[in-house]
Amino acid sequence: MSTIITRFPPSPTGYLHVGGARTALFNWFYARHTKGRFVLRIEDTDTVRSTQASVDAIFDALKWLGIDWDEGPYFQTQRFHIYAEYVQKLLDSGHAYYCTCSTEKVEAMRQQAMATGGKPKYDGTCREKGLAKCENAVVRFRAPQTGTTVIHDVVKGNIVFQNAEQDDFIIQRSDGTPTYNFVVVVDDICMGINTIIRGDDHVNNTPRQIMLYKALGAELPVFAHVPMVLGKDKTRLSKRHGAMSVTEYRNMGFLPEAMINYLVRLGWSCGDQEFFTREELIEKFSLEHIGRSAGVFDMDKLLALNADHIKATPPRVLTPHLMPFLKSNGYAAEEGDYLDQVILTLNARCKTLLEMAEQARFYYVDTVEYDPAAAEKVLKPECLDPLNQLLRHMEPLADFSITALEKVFLAVMETTGLKLGKIAQPVRVALTGKTASPGIFEIIEILGKTKVMNRLQQAVAYIENRG
RNA sequence: GGUCCUAUCGUCUAGCGGUCAGGACGCUGGCCUCUCACGCCGGAAACACGGGUUCGAUUCCCGUUGGGACCA
């Protein structure tokens with residue numbers, strides 16, 4: 001097999017949405033899996049809706065996902081001379097012709113065809129006229145009128161279309177601009193794309209494209225039409241289903257690895273495996289196991305996968321992803337042993353980095369604010385005795401390790417006759433402001449003697465004032 | 001309206017003629033436990049329907065119905 005060459009051709013008319021990201025991922029992973037090449041092409045021929053901001057947003061999203069490209073980015077607006085050349089080729093070989101039928105006239109044809117129960121299509125009025133180039137003329141492709149065109153689709157199998165259904169479609173408008181199906185084919189031929197993986201919303205375009213390949217004497221690429229991603233109500237994914245842009249998921253605290261894992265696993269499988277690292281995906285991704293039916297985007301599953309990835313990511317690898325959230329919460333956090341420990345106590349307790357940053361608050365603030373309900377429920381006068389005893393035992397301690405701390409708590413448990421839970425909860429609220437947190441000994445060890453004693457004293461004062 | 005695709009628990013899916021129809025998310029019962037999580041053990045939950053083909057269909061074929069897409 002020759003080198004696999006895939007491509008991703010986004011239109012820069014907005015952000016990169018999750019559906020687009022998924023097809024980009026399929027193409028990228030397939031190229032990487034086969035040690036082939038991946039080409040990026042920006043389809044910006046719709047000059048009205050295309051913007052530089054969108055181009056930048058798409059690059060940004062691809063970078064976050066870790067998708068790089070071996071060739072490009074190509075911009076279609078810079079390639080009009082190539083399209084013109086190919087139109088001429090088709091004209092010269094008799095595969096295309098000029099047509100001067102007005103849009104009104106063509107529309108009338110359609111109406112009439114519909115009325116008589118026929119297919120709405122161009123009737124070939126100018127087909128044999130041999131018209132020369134002139135003002136307001138479009139260029140039409142001379143499509144075969146009999147026989148069939150079949151797509152040998154890797155995921156859907158053979159899809160057969162009757163050529164009689166197909167009319168002589170336009171490849172160049174009267175203003176000289178080429179049409180979508182035409183430029184795609186020209187580009188894919190020029191760029192040597194031999195494997196096209198795209199959404200199955202394109203299958204109906206494919207017969208026209210195949211006809212163009214044949215007319216141009218080019219070898220057909222392998223087609224793999226992957227099913228769409230739908231929203232919860234099983235309609236095409238759109239804004240009302242929630243976030244669409246992949247970068248929004250970054251802002252919500254998702255790890256790119258989790259996003260990749262989720263998006264690729266949606267519509268593709270590898271036995272019962274659910275969790276994949278990027279490397280595993282490169283190793284295992286194949287076209288054979290792409291499913292044939294559309295899938296529903298499920299936030300809960302994404303969340304669960306994100307939790308799994310957060311748990312599996314070493315602190316130092318997680319740090320750069322977490323840092324923006326720490327900073328935006330105003331913490332003076334920095335990479336290092338302290339943050340490593342913080343992460344290790346939190347990584348099994350949150351589904352997103354946003355949550356993790358929130359839960360890390362008590363590690364970074366100067367004075368903890370008590371959650372009103374927590375203080376009300378836990379910081380009661382009867383806690384004064386155990387808290388004061390703890391303070392007394394800790395005071396002379398040089399070693400603030402977990403083992404040393406456990407001894408301190410044991411001693412207080414004995415003299416007070418209280419169970420660990422009764423002592424740990426007030427300490428927890430004193431140190432974190434909340435009733436839920438990582439293990440009490442871990443927190444104490446990480447926070448260190450000074451902060452712990454200060455916070456315990458603060459709690460004692462709080463209870464005394466309150467009483 | 002025409003064309004095309006599609007159909008296993010609520011969702012993502014395994015299955016590629018003979019399985020107690022498996023896993024994951026979510027839901028749920030329990031265990032662990034200093035709280036919350038994590039983890040572990042268990043539970044409820046699916047082959048859309050109707051015809052064929054076959055000794056035997058979730059699996060192959062044809063319809064129906066549902067869903068989706070594209071063109072208009």
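Because only heavy atoms are used, hydrogens play no part in the values below, and waters and symmetry mates are left out as well, while side chains stay in. Letters A, B, ... are given to chains in the order of the sequence lines, protein chains preceding strands, and every chain is numbered from 1.
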Test log, rule side chain to side chain contact (heavy atoms under 4.5 Å, CB included), inputs A:Met356 and A:Leu322: CA-CA 8 Å; A:Met356 187 181 268; A:Leu322 177 63; 3.7 Å; yes
Tell me every residue that passes side-chain hydrogen bond (donor to acceptor under 3.5 Å, both in side chains) with [X], counting only those two or more places apart in sequence or in another chain.
{"X": "A:Tyr363", "answer": "A:Thr345"}
{"X": "A:Trp268", "answer": "none"}
{"X": "A:Asn158", "answer": "A:His152"}

For atom [atom1], what is the distance between [N] and [M], given to the nearest Å?
{"N": "B:rC9", "M": "B:rA24", "atom1": "C1'", "value": "12 Å"}
{"N": "B:rU8", "M": "B:rG22", "atom1": "C1'", "value": "11 Å"}
{"N": "B:rA48", "M": "B:rU65", "atom1": "C1'", "value": "8 Å"}
{"N": "B:rU11", "M": "B:rC70", "atom1": "C1'", "value": "26 Å"}
{"N": "B:rG67", "M": "B:rG10", "atom1": "C1'", "value": "16 Å"}
{"N": "B:rA45", "M": "B:rU28", "atom1": "C1'", "value": "11 Å"}
{"N": "B:rC49", "M": "B:rG29", "atom1": "P", "value": "31 Å"}
{"N": "B:rG42", "M": "B:rG23", "atom1": "P", "value": "10 Å"}

What is the distance from [atom1] of [X] to [atom2] of [N], rounded to the nearest Å?
{"X": "A:Phe223", "N": "B:rC4", "atom1": "CZ", "atom2": "P", "answer": "18 Å"}
{"X": "A:Leu266", "N": "B:rA24", "atom1": "CG", "atom2": "C1'", "answer": "13 Å"}
{"X": "A:Lys301", "N": "B:rC27", "atom1": "NZ", "atom2": "P", "answer": "13 Å"}
{"X": "A:Ile290", "N": "B:rU13", "atom1": "CD1", "atom2": "C1'", "answer": "14 Å"}
{"X": "A:Arg292", "N": "B:rC12", "atom1": "CZ", "atom2": "C1'", "answer": "16 Å"}
{"X": "A:His309", "N": "B:rA24", "atom1": "NE2", "atom2": "P", "answer": "17 Å"}
{"X": "A:Leu305", "N": "B:rG23", "atom1": "CG", "atom2": "C1'", "answer": "14 Å"}
{"X": "A:Asp300", "N": "B:rC25", "atom1": "CG", "atom2": "P", "answer": "11 Å"}

Stepwise salt bridge (Lys or Arg N to Asp or Glu O under 4.0 Å) check, A:Arg349 with A:Glu355: CA-CA 9 Å; A:Arg349 307 180 134 77; A:Glu355 283 177 22; over 6 Å; no
Distances under 3.5 Å only, N/O to N/O: pair up the protein atoms with those of nucleotides 14-16 of chain B.
residue: B:rA14; atom: OP1; partner: A:Ser269; partner atom: OG; Å: 2.8

Touch class at under 4.0 angstrom, heavy-atom based, for A:Gly267 against every strand present: sugar-phosphate
Sugar-phosphate, base or nothing in reach of A:Tyr262, heavy atoms under 4.0 Å: nothing
Per-nucleotide protein contact string for nucleotides 33-42 of chain B (B base, S sugar-phosphate only, - none; heavy atom under 4.0 Å): -BBBBSS---
Table of protein N/O atoms under 3.5 Å from nucleotides 64-69 of chain B N/O atoms:
residue: B:rA69; atom: O3'; partner: A:Arg236; partner atom: NH1; Å: 3.3

Closest-nucleotide ordering on RNA chain B, the 5'-leading residue of A:Val296 and A:Gln162: A:Gln162
Ring pair (Phe, Tyr, Trp, His ring centres under 6.0 Å) contacts in which one or both residues fall within residues 406-450 of chain A, not counting sequence neighbours: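 Sorted result for residues 406-450 of chain A: A:Phe409-A:Phe441.
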Checking base pairs now: Watson-Crick or wobble, both atom distances under 3.5 Å. What partners [N]?
{"N": "B:rA7", "result": "B:rU65"}
{"N": "B:rG1", "result": "B:rC71"}
{"N": "B:rC36", "result": "none"}
{"N": "B:rC20", "result": "none"}
{"N": "B:rA14", "result": "none"}
{"N": "B:rU58", "result": "none"}

Qualifying salt bridge (charged side-chain N to carboxylate O under 4.0 Å, His left out) pairs with a residue from residues 437-455 of chain A, counting only residues at least two apart or across chains: none
Qualifying salt bridge (charged side-chain N to carboxylate O under 4.0 Å, His left out) pairs, either residue in residues 41-50 of chain A, two or more places apart: A:Arg41-A:Glu43, A:Arg41-A:Asp187, A:Arg41-A:Asp188, A:Asp46-A:Arg49
Contact list for residues 11-28 of chain A, test side-chain hydrogen bond (donor to acceptor under 3.5 Å, both in side chains), sequence neighbours left out: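 Listed once each, the pairs are A:Trp28-A:Asp68.
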Non-neighbouring partners of A:Tyr262 that pass ring-ring contact (aromatic ring centres under 6.0 Å, His included), sequence neighbours left out: A:Phe297
Contacts table for residues 374-383 of chain A: side-chain donor-acceptor under 3.5 angstrom, sequence neighbours left out:
residue: A:Glu376; atom: OE1; partner: A:Arg466; partner atom: NH2; Å: 3.3

Separation between OG1 of A:Thr352 and CD of A:Glu358, rounded to the nearest 0.5 Å: 10.0 Å
Reported NE2-to-CD distance for the pair A:His321 and A:Glu257, which is rounded to 0.5 angstrom: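 The NE2 atom of A:His321 sits 7.5 Å away from the CD atom of A:Glu257.
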Distance-only side-chain donor-acceptor flag, A:Lys284 / A:Gln273, under 3.5 Å: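 Judged by distance alone, the side chains do pair up.
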